[in-house]
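The structure under discussion appears below in the form of structure tokens.
Both counts, for ligands and for their atoms, begin at 1 and track the order of listing. Since we're looking at a predicted model, the values are computed, not measured.
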Amino acid sequence: MAKPVKNYVCQSCGSAFSKWSGRCENCGEWNTINEEAPLSAGPGKKSLGAAKGRKMALTDLSTDEAPPPRTSSGVDELDRVLGGGLVPASAVLVGGDPGIGKSTLLLQAAAAFARQGLKVVYISGEEASAQVRLRAQRLDLKDAPVQLATETSLRDILTTLDAEKPDLAIIDSIQTMWADNVDSAPGSVAQVRASAHELTTFAKRKGSAVIMVGHVTKEGQIAGPRVVEHMVDTVLYFEGERGHQFRILRSVKNRFGPADEIGVFEMTGAGLREVGNPSALFLSERGSPAPGSAVFAGIEGTRPVLVEFQALISPSPHSQARRSVVGWDGGRLAMILAVLEARCGIPFAGLDVYLNVAGGMRVAEPAADLAVAAALLSAREDSALPAETVVFGEISLSGALRPVSQTENRLKEAQKLGFTTAILPNGGKATASQGMGLTQMSDLAAFVGEIFGAG
Ligand code: TYD
Ligand code: MG
């Protein structure tokens, strides 16, 4: 009889191997290969399709059910990111770097939901009860009706939650949970996966919402397998730069609302404060127009947000010039530099290029291409852009400018903040009737000619 073949599967990319190794040959991740039961259950066992199972009842798509009732926390920035409030029986994962403020955010959220009348249980696997209570005191939440426990045993936690039947359970963090039916240390891929699965199942079974905290790895992903992100209904990232007080809660997946929505907070001595007008905040450090600065009228989720791009260009002392980017995609910067060189004849060889988004914001919209190009050109020519001007538009490889979505909203927000001119692509639904001066162009070369006098 043939020996049963062992099956080792990478928990990160799903590749299967016949023997264990420390590093997955396929995706290069370390310590992600675990033994799993072989897929074909060995000789003598029939495939699933061969033996009869239970026949399921099928239904059509029509429904009389009302959309899920949501509970608002009373904190607008949080409700918006959740898609309009907390949905019962939903599982939410909140990821972020250590020390960014996840525990602070969730303790404040726990108190906010408890004050709306939800029964809230907060379970900390990282801090002692006394520490959590001290934080609550500092945040002025000590009289909020939140029930607290410190525990890491998932079995005890599930038993307690089963008995208490809370409307919302907060687990801080998923990496500290220990499922005793899995033979590996807390924080390992198998433990994180099992714990997330148990908690998500609990949410669906009992109708409690569960919010789990997840730490992120150096690469910026929630530690543990990607499957955790697939298991839950909503994935939020809490991000920000350590040196800045701004914190952004961003939804990257939401089964109950739009993704890519952001909520903006400010970390103060007494916890997180919501920021209702992020544009004013992100532009607050801006002085008089300076070379290398361009204000981008962006859209984050359903909301227009103005941010400042800053560029610095200097002759490079090295044979390989530096390209350094904070808050924007490095690959996209390389593309814009290449288009400027190939289509407008403006070389950046031998020059170090630094690009930064002010305020610790991260921008992912291609609509920011033109603002990036404007900041780069302004820095290179050492000449400031016209005052009170916003810029937006996508750049194609041919050097053509493409109109972007929600032009009206971008212009309205810019006008609200005192900007008087916008530089944008031709087309789109721009109307000058809003009291904004519009400078529309069809390609990057025209932009260079118009703003920087032929380049
Ligand atoms: P914390 O919520 O513990 O972060 P995480 O759970 O993501 O690891 O917050 C840690 C930081 O927040 C810490 O460096 C101190 C700061 N902080 C404030 O600035 N103000 C406050 O009111 C609180 C509670 C924390
Ligand atoms: Mg914490």
Side-chain angles (χ1 to χ4, degrees), residues 73-75 77-78 81-82 92-115 120-144 146-154 157 168-178 186-187 191-192 195-196 199 210-224 228-229 232 234-252 262-275 281 359-362:
S73 63
V75 181
E77 297 296 305
L78 176 62
V81 177
L82 287 170
V92 181
L93 182 65
V94 178
D97 287 323
I100 204 72
K102 299 181 295 299
S103 301
T104 308
L105 174 76
L106 289 180
L107 192 60
Q108 288 187 266
F113 281 116
R115 285 179 174 153
V120 182
V121 174
Y122 185 103
I123 293 170
S124 176
E126 297 194 339
E127 291 159 296
S129 296
Q131 272 176 298
V132 181
R133 275 195 229 107
L134 265 178
R135 177 181 290 139
Q137 190 171 17
R138 177 170 169 188
L139 302 174
D140 199 17
L141 300 173
K142 55 184 187 307
D143 47 346
V146 175
Q147 290 180 296
L148 176 67
T150 47
E151 184 54 68
T152 56
S153 159
L154 194 60
I157 290 171
L168 168 63
I170 293 177
I171 309 289
D172 187 4
S173 65
I174 191 76
Q175 275 86 11
T176 56
M177 292 296 118
W178 180 64
Q191 281 284 355
V192 169
S195 305
L199 288 163
V210 174
I211 303 183
M212 298 170 247
V213 172
H215 293 291
V216 300
T217 59
K218 282 197 292 298
E219 294 78 37
Q221 287 176 358
I222 290 176
V228 175
E229 296 196 14
V232 296
T234 303
V235 178
L236 310 178
Y237 272 88
F238 201 43
E239 14 173 269
E241 296 284 324
R242 282 292 178 79
H244 290 279
Q245 71 271 41
F246 317 131
R247 298 284 181 272
I248 291 160
L249 186 64
R250 185 186 294 273
S251 76
V252 294
I262 64 165
V264 184
F265 298 87
E266 189 181 356
M267 183 62 99
T268 70
L272 292 157
R273 202 173 55 78
E274 54 178 328
V275 174
L281 183 90
M361 178 73 180
R362 209 161 51 78

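Rounded to the nearest 0.5 angstrom, L105 CG and E77 CD are separated by 11.5 Å. Rounding to the nearest 0.5 Å gives a distance of 6.0 Å between CG of L93 and CE of M212. Here R362 contributes atom CZ and R250 contributes atom CZ; the two are 4.5 Å apart, rounded to the nearest 0.5 Å. Distance check: W178 CH2 to Q191 CD gives 7.5 Å after rounding to the nearest 0.5 Å.
With K142 contributing its side chain and A136 its backbone, the two residues share no donor-acceptor pair below 3.5 Å. Checking side-chain atoms of R247 against main-chain N and O of I100 turns up a donor-acceptor pair under 3.5 Å.
Nearest non-hydrogen protein atom to atom 3 (O) of ligand 1 is R135 NH2, 2.9 Å. Closest protein heavy atom to atom 4 (O) of ligand 1: G101 N, 3.1 Å. Looking from atom 13 (C) of ligand 1 to the surrounding protein, the closest heavy atom is G99 O, 4.5 Å. For atom 21 (C) of ligand 1, the nearest non-hydrogen atom of the protein is R138 NH2, 3.4 Å. In this structure, atom 25 (C) of ligand 1 lies nearest to the protein heavy atom T104 OG1, 3.9 Å.
The ligand atoms of ligand 1 that sit less than 4.0 angstrom from a heavy atom of L139 are 22 (O), 24 (C). Close contacts of ligand 1 with A270, meaning ligand atoms under 4.0 Å from a residue heavy atom, involve 22 (O). Less than 4.0 angstrom separates some heavy atom of S103 from each of these atoms of ligand 1: 2 (O), 5 (P), 6 (O). Listed by number with element, the atoms of ligand 1 under 4.0 angstrom from any heavy atom of D97 are 7 (O).
There is a protein heavy atom less than 4.0 angstrom from atom 23 (C) of ligand 1. Within a 4.0 Å radius of atom 15 (C) of ligand 1, the protein has no heavy atom.
Here the side chains of L272 and E266 are not in contact, with every heavy-atom distance at 4.5 Å or above. L168 has its side chain within reach of I211: a pair of non-hydrogen atoms, C-beta onward, lies under 4.5 Å apart.
Checking only distances, K102 does come within under 3.5 Å of ligand 1, N or O to N or O.
At a cut-off of 2.8 Å, T104 is not counted among the residues with an N, O or S atom near the Mg ion (ligand 2).
Residue contacts with ligand 1 do not include L105, since none of its heavy atoms lies under 4.0 Å from the ligand. Under the 4.0 angstrom criterion for non-hydrogen atoms, G96 is not in contact with ligand 1. Residue contact annotation: L272 has no non-hydrogen atom under 4.0 Å from ligand 1.
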Practice prompt. Could you go through the side-chain contact (heavy atoms from CB on, under 4.5 Å) check for F265 and L249 one step at a time?
Written response: CA-CA 8 Å; F265 298 87; L249 186 64; 4.0 Å; yes
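At a 4.0 Å heavy-atom cut-off, ligand 1 touches M267 through the side chain alone. The proximity of T268 to ligand 1, defined as any non-hydrogen pair under 4.0 Å, is limited to the backbone. At a heavy-atom distance under 4.0 Å, only backbone atoms of P98 (N, CA, C or O) approach ligand 1.
Side-chain atoms of H215 and E126 form a donor-acceptor pair, as typed in the model, at a separation below 3.5 Å. A donor and an acceptor atom, one from each side chain of S124 and D172, are nowhere located under 3.5 Å apart.
In terms of heavy-atom proximity, S73 sits nearest to L78 at OG-CD2, 3.8 Å.
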